[in-house]
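This report refers to the structure that appears directly beneath it.
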Amino acid sequence: MFSKKLKQLTPYTPGEQPQNRKYIKLNTNENPYPPSPEVKKYLDSVDTDTLKLYPDPGSQELRETIGNYFNLSSSMVFTGNGSDEVLSFCFYAFFDKDNGPLLFPEHSYSFYPVYCGFYDIPFKRIPMKSDLSISVDAYTVETDYSGIIFPNPNAPTGTYLETAEIEQFMKKVHSNRVVIIDEAYIDFGGKSAISLIDKFDNLLIVQTLSKSRSLAGLRVGFAMGNEILISALNTVKDSFNSYPLDKLAQNAAKLAIEDIDYFKENSSKIIKTREFTVKALKSMNWEVLPSMANFIFIRKKELSGKIVYETLKNKGLLVRYFGHKGIEDFVRVTIGKRKDMEFFLDLLNTTWGK
Ligand SMILES: *Cc1c(COP(=O)(O)O)cnc(C)c1O
């Protein structure tokens with residue numbers, strides 16, 4: 001009854017979305033603020049008659065909006081149903097077992113190995129520095145690979161590489177292998193490497209509206225790069241689903257990208273709350289990795305990550321625990337509103353003190 005391929009799949013485990021009890025959710029890196037009021041205005045006024053028709057298969061207007069925002073032609077932009085789908089198309093288009101393994105950081109986004117399983121792509125996890133930041137040198141010593149992918153800032157660690165470092169790195173890697181930078185968290189203090197796509201035809205930047213534009217529920221992500229790479233993604237899309245973005249998502253995403261002031265204001269509130277939280281945690285003797293994301297990766301001496309996760313869950317607060325070797329003492333905590341972080345800090349303080 002089932003295919004051989006199905007038996008070989010190992011699916012991704014998303015962060016919990018429990019429905020049984022009300023938790024303070026600091027576990028899936030969602031934005032605590034609502035999306036742009038322009039999105040609400042639009043969705044409140046939708047003429048449902050327009051849904052009789054198929055949407056624009058190429059999301060042309062949305063791609064132009066994204067292009068305008070980044071100063072790119074729309075032919076250098078690809079849109080998809082969340083950046084997870086965009087990434088999945090990238091894996092299909094660019095990586096291949098005939099060309100060697102895909103390289104990614106030892107501790108990184110756990111969807112990457114899942115796509116490798118799905119598309120039968122071998123992979124190699126590249127060791128990180130002892131401070132859990134990405135070591136670019138550890139990639140450039142590799143000679144045989146079909147491509148490279150890493151998030152910047154990295155997830156779940158939050159550490160960040162400067163554009164200058166990425167440029168040096170791009171000069172050293174094979175120019176006939178695609179490098180993908182997954183910038184899901186770039187808007188929380190980092191600077192996009194988008195300026196490098198003119199210099200490197202093999203560089204693809206992927207972003208999402210799920211985190212910094214508060215639209216995880218709308219499912220819109222995009223990739224930017226050389227037209228030849230974008231056209232390869234279109235070939236994959238049109239061989240799989242020509243209408244990945246529905247009409248509402250295309251229009252609402254456009255409005256969200258255009259509302260630059262609102263987006264900047266929210267991102268800077270989150271950055272401020274992050275700085276406040278980090279300072280408080282350090283004063284309570286928690287170790288916090290330097291983060292440029294809307295989450296932090298933390299641990300405390302002599303406490304296991306599992307205990308921290310379970311204790312907080314019992315008290316009504318969710319954080320993300322991975323339990324992978326090397327990071328088993330850490331939990332990842334999403335930056336919520338200031339009052340959520342105060343509640344979180346109080347819980348830590350009353351449970352474990354300084
Ligand atoms: C959240 C996240 C994504 C996926 O975002 P969607 O656009 O919601 O699919 C991709 N990469 C990383 C590293 C993420 O954390």
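What you see is a predicted model, and the numbers here were worked out from it, not measured in a lab. Whatever order the structure lists ligands and atoms in, that order sets their numbers, starting from 1.
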- Between Y112 and F150, does the ring centroid distance fall short of 6.0 Å? no

**OP:** Determine, using ring centers only, whether F111 and Y12 are less than 6.0 Å apart.
**Re:** yes

Aromatic F276 / basic R338 pairing, under 6.0 angstrom, 45° off normal: yes

| Does the ring of F295 carry R332 above it, NZ/CZ under 6.0 angstrom from centre and within 45° of its axis? | yes

Lining ligand 1 at under 4.0 Å, by non-hydrogen atom distance, are residues G82, S83, D84, Y109, D182, A184, Y185, T208, S210, K211, R219

Exercise for the section: Taking atom types as modelled, find out whether S36 and K41 have a side-chain donor-acceptor pair closer than 3.5 angstrom. Expected result: no

Taken in chain and number order and not counting sequence neighbours, the residues that satisfy side-chain hydrogen bond (donor to acceptor under 3.5 Å, both in side chains) with T277 are none

